[in-house]
Amino acid sequence: MRIKGKNFDGEGGEEEEQKLVVGYALTLKKKKSFLQPEFERLACKKGILFVAIDVNLPLSDQGPFDIILHKLLGKEWGDIVEDYRQTHPEVTVIDPPYAIQHLHNRQSMLQDVVDLNLSDFHGRVGVPKQMVIMKDPLSIPDEVAKAGLKLPLVAKPLVVDGSAKSHELFLACDWSSLSELEPPLVLQEFVNHDGILFKIYIVGDAIKVVRRFSLSNVNQCQLAKVPGIFPFPRVSSAAASADDADLDPRVAELPPRPLLERLSKELRHRLGLRLFNIDMIREHGTRDIFYVIDINYFPGYGKMPDYEVIFTDFLLTFKKKKYRAISCED
Ligand SMILES: Nc1ncnc2c1ncn2[C@@H]1O[C@H](COP(=O)(O)OP(=O)(O)OP(=O)(O)O)[C@@H](O)[C@H]1O
Ligand SMILES: O=P(O)(O)O[C@H]1[C@H](OP(=O)(O)O)[C@@H](OP(=O)(O)O)[C@@H](O)[C@@H](O)[C@@H]1OP(=O)(O)O
Ligand SMILES: [Mg+2]
Ligand SMILES: [Mg+2]
């Protein structure tokens, strides 16, 4: 007998609380950073139960789930999730593998920002001039010159597959060194941005923006003095936030809220994704010229302030009238 969201067994009057069951398929690293004890506790209090998916067992034999969250490498896993999505329309799979795939290529990931053409809405949002090099490193200087790109350039592996190598970036400061780079890659003009980057986290309809430290400006004089290609560290994914740093207010000023809302909403729809973040920089010497340089699927939400509450609220929007006899201790 079901009464007002409770399930009674009819005999001893035992109550079974309704649970929202969230199956997750995440790497160990991601599980550790995302499923922090405080988050799990809060979610549990709100009736959300996280269940680990065993990737060695058929997905359909597990559950039942209300929601599936996933971020694992490889096409094989993507195919399994896509197949499950097709055959289990009653389960909310966050997000569709084909939509996530779009962010695995550094060229296609920024295409929607270009198409969006946000040129006069509380500021301008574009992407740095960039080109793709598929092969033949020796031809890079010529190709770059033909495309009209200016030095310095940021060289990024074309494919982002979650591996450490796909995050190995280089700053290329002179023409001849360009041939030392390893295609396939994206070459992107380096945009001076006073060393500060805005990470815009999206969780469904929610938006949270934080400041992170980034690369310092590079001037033409420095360029002439230091020819070559230089690897650079993953400065902006460090946990250290620049939110409390003593910054020039013109540099620290967050991008206008209406612009962030419009950009996030558009990208959510165009990408067909609910969980991602956008790396955005403000061009040095301007107040409202912004560039999107990177978009990441299911980023490090553990570093997002208030992520526990924001994520719990997001999951609760999928709450369905289902009653299950699973307790948080199971
Ligand atoms: N076009 C650019 N102009 C200036 N700085 C840039 C540019 N592209 C990248 N950077 C700097 O390099 C960092 C890494 O670049 P990017 O975010 O594209 O790499 P990633 O490996 O995808 O990083 P993430 O860890 O966020 O996934 C940026 O956070 C920023 O500090
Ligand atoms: O390492 P963290 O948990 O912080 O998350 C990072 C995440 O790594 P993980 O998914 O393996 O955890 C990265 O994913 P891949 O591109 O390598 O797939 C990428 O999204 C980064 O941008 C995230 O850092 P953030 O941009 O949010 O600071
Ligand atoms: Mg980035
Ligand atoms: Mg990235």
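For ligands, and for the atoms within them, numbers begin at 1 and follow the listed sequence. As a basis for the values below, the full set of heavy atoms in this structure was taken, side chains included, without hydrogen atoms, waters or symmetry mates. Predicted model only: the values in this text are computed from it and were never measured.
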Engineer: Decide if the gap between the ring center of Phe170 and the ring center of Phe230 is smaller than 6.0 angstrom.
Structural biologist: no
Engineer: Say whether Val191, considering both its backbone and side-chain N or O atoms, lies within less than 3.5 Å of an N or O atom on ligand 1.
Structural biologist: yes
Engineer: For ligand 1, which atoms have a heavy atom of Lys199 less than 4.0 angstrom away?
Structural biologist: 26 (O)
Engineer: Going by distance alone, is a donor N or O of one side chain under 3.5 Å from an acceptor N or O of the other, for Tyr297 and Asp95?
Structural biologist: yes
Engineer: Shared ILVMFWY cluster between Leu72 and Val81, side chains joined below 4.5 angstrom?
Structural biologist: yes
Engineer: Ligand 1 versus Tyr291, non-hydrogen atoms closer than 4.0 Å: side chain, backbone, both, neither?
Structural biologist: neither
Engineer: Enumerate the atoms of ligand 1 whose separation from the nearest heavy atom of Pro128 is less than 4.0 angstrom.
Structural biologist: 1 (N)
Engineer: Please confirm whether the ring centroid of Tyr24 lies under 6.0 Å from the ring centroid of Phe34.
Structural biologist: no
Engineer: Could you pull out the closest heavy-atom pair between Leu254 and Arg282, with the gap in Å?
Structural biologist: O-NH2, 3.8 Å
Engineer: Would you mind naming the N, O or S atom of Asp279 nearest to the Mg ion (ligand 3)?
Structural biologist: OD2
Engineer: Which ligand 1 atoms does Asp279 reach within 4.0 Å, using its non-hydrogen atoms?
Structural biologist: 17 (O), 26 (O)
Engineer: Is the contact between Leu169 and ligand 1 made by the side chain, the backbone, both, or neither, using heavy atoms and a 4.0 Å cut-off?
Structural biologist: side chain
Engineer: So between His193, Gln130, Lys156, Arg106, whose heavy atom ends up nearest atom 8 (N) of ligand 1?
Structural biologist: Lys156
Engineer: List every atom of ligand 1 that sits less than 4.0 Å from any heavy atom of Gln188, numbering the atoms from 1 in the order shown and giving each element.
Structural biologist: 1 (N), 2 (C), 7 (C), 8 (N)
Engineer: How does Asn296 reach ligand 1, if at all, at less than 4.0 Å between non-hydrogen atoms: by side chain, backbone, both, or neither?
Structural biologist: side chain
Engineer: Could you grab the angle centred on the Mg ion (ligand 4), going from OD1 in Asn296 to OD1 in Asp294, to 10°?
Structural biologist: 90°
Engineer: Would you say the rings of Phe39 and Phe50 are close, in the sense that their centroids are separated by under 6.0 Å?
Structural biologist: yes
Engineer: State which residues pass side-chain contact (heavy atoms from CB on, under 4.5 Å) with Asp112; sequence neighbours excluded, sorted by chain then number.
Structural biologist: His102, Asp115, Leu267, Arg270, Leu271
Engineer: Checking contacts here: is it the side chain or the backbone of Asn192 that comes within 4.0 Å of ligand 1, counting heavy atoms only? Could be both or neither.
Structural biologist: neither
Engineer: Are more than 12 heavy atoms, taken from residues, nucleotides or ligands other than Gln86, located less than 6.0 Å from that residue's CD atom?
Structural biologist: yes
Engineer: Side-chain donor-acceptor pairs under 3.5 Å in residues 119-136, sequence neighbours left out?
Structural biologist:
| from | atom 1 | to | atom 2 | distance (Å) |
| --- | --- | --- | --- | --- |
| Gln130 | OE1 | Gln188 | NE2 | 2.7 |
| Asp136 | OD1 | Leu138 | N | 3.3 |

Engineer: Within the 4.0 Å heavy-atom shell around Ser214, which atoms of ligand 1 are there?
Structural biologist: 30 (C), 31 (O)
